[in-house]
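Worksheet: one structure, shown below.
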Number of protein chains: 2
Amino acid sequence: MSIDPVLFAKALADDTRQEIMKHLCCVWLSVNDVVERLGGRINQPTVSHHLKKLEEANLVLVRQEGRNRFYTLNQQQLTACCGRLIHAFAPDLAPKVILPDDIETRRSE
Amino acid sequence: MSIDPVLFAKALADDTRQEIMKHLCCVWLSVNDVVERLGGRINQPTVSHHLKKLEEANLVLVRQEGRNRFYTLNQQQLTACCGRLIHAFAPDLAPKVILPDDIETRRSE
DNA sequence: TTGACATATTGACAATTATCGATACAATCA
DNA sequence: TGATTGTATCGATAATTGTCAATATGTCAA
């Protein structure tokens, strides 16, 4: 349940996607909820496309309910990926970084 | 001396760039050193292009010496950006994350 | 000054990807 | 059943970006 650091970065490397992520933080939203919160600037198929990207990076949790699909940010995965980046690219600082016990910073795969 | 999270993610969102970053970790290398370590798969202009991207994201430190330019990873910046991502997108876990004192996780600018 | 070397820049091209409209699919409701 | 609603998928297009060859720029040495 781990992920390639490049795939992680690519998932974050878009303005619209980071805006969607802000809206999905600590909240479960349906696809249309997200479309609404974006103020109609982005169409539903595009939002679906972005959610798929986030799902592929395991950055969202998904719950199907009837004909609705609810999404929320996967905070564990985001924290783990950041931890992994620090371990890979900031090894001098990594020993001073403390993450929650249940966050695995090494590739588990 | 802070940076937009999207620009940070974009800087990391490429295989070649992350490979370059690995080589620049804890070591000062000239542009040609980097080209060499990539095994000749990537040409010098392309490497220069990637280094520029990393420099724009403040992810490398640069030292000019004669006709050589030496680069190394900016571990502080990388750690700070990761901290900022966690604060933005994993607020429930962020309180349990401890970073070195000199790392600023809030946008200073 | 001339030549050699290290790096950056430019222009072109190919690959990736964000976006949209149209449509398909699935679940609910009348 | 048929109509409606929520979401995903498809095909097309435009924008972004990674890559290269060629060249420019800047620095050092003879």
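Here the structure is a predicted model, which means the values were calculated and not measured. Order of the sequence lines sets the chain letters (A, B, ...), proteins ahead of strands, with each chain counted from 1.
Not counting sequence neighbours, the partners of B/T16 by the side-chain contact (heavy atoms from CB on, under 4.5 Å) test are B/D14, B/I20, B/I42, B/H50. By the salt bridge (charged side-chain N to carboxylate O under 4.0 Å, His left out) test, A/R63 is found to be paired with A/E65, residues two or more places apart in sequence or in another chain being considered.
Side-chain N/O atoms of A/S48 and A/Q44 include a donor and acceptor closer than 3.5 Å. Side-chain contact of A/S30 with A/D33: a donor-acceptor pair under 3.5 Å is present, judged by distance alone.
Side-chain atoms of B/R17 come within 3.5 Å of backbone N or O of B/K10 as a donor-acceptor pair.
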note = Whether each nucleotide of nucleotides 1-15 of chain C has a protein heavy atom under 4.0 Å at its base (B), only at its sugar-phosphate (S) or at neither (-) is summarised, 5' to 3', as ---BBSBBB------
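Here the CG-CZ distance, from A/L78 to B/F89, works out to 7.5 Å after rounding to the nearest 0.5 Å. In this structure, the separation between OG1 on B/T72 and CE on B/M21 is 11.0 Å, given to the nearest 0.5 Å.
Between its opening and closing five pairs, the helix from C/dT1-D/dA30 to C/dA30-D/dT1 changes axis direction by 10°, a value rounded to 10 degrees.
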request  = List the steps, then state whether side chain to side chain contact (heavy atoms under 4.5 Å, CB included) holds for A/C26 with A/L73.
outcome  = CA-CA 7 Å; A/C26 309; A/L73 256 191; over 6 Å; no
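A/N43 has its side chain out of reach of A/V35: every pair of non-hydrogen atoms, C-beta onward, lies at least 4.5 Å apart.
Atom CZ in A/R41 sits roughly 9 Å away from atom P in C/dT19 (whole-Å rounding). Here the C1' atom of nucleotide C/dT16 and the CG atom of B/D15 are 13 Å apart, to the nearest Å.
Other residues sharing the hydrophobic cluster of A/W28, ordered by chain and number and joined by side-chain separations under 4.5 Å: A/L61, A/F70.
Residue A/K10 places at least one side-chain N or O closer than 4.0 Å to OP1 or OP2 of C/dT17.
Contact footprint of chain A on DNA chain D: nucleotides with an atom under 4.0 Å from a non-hydrogen protein atom, first to last in 5' to 3' order, D/dT4 to D/dT9.
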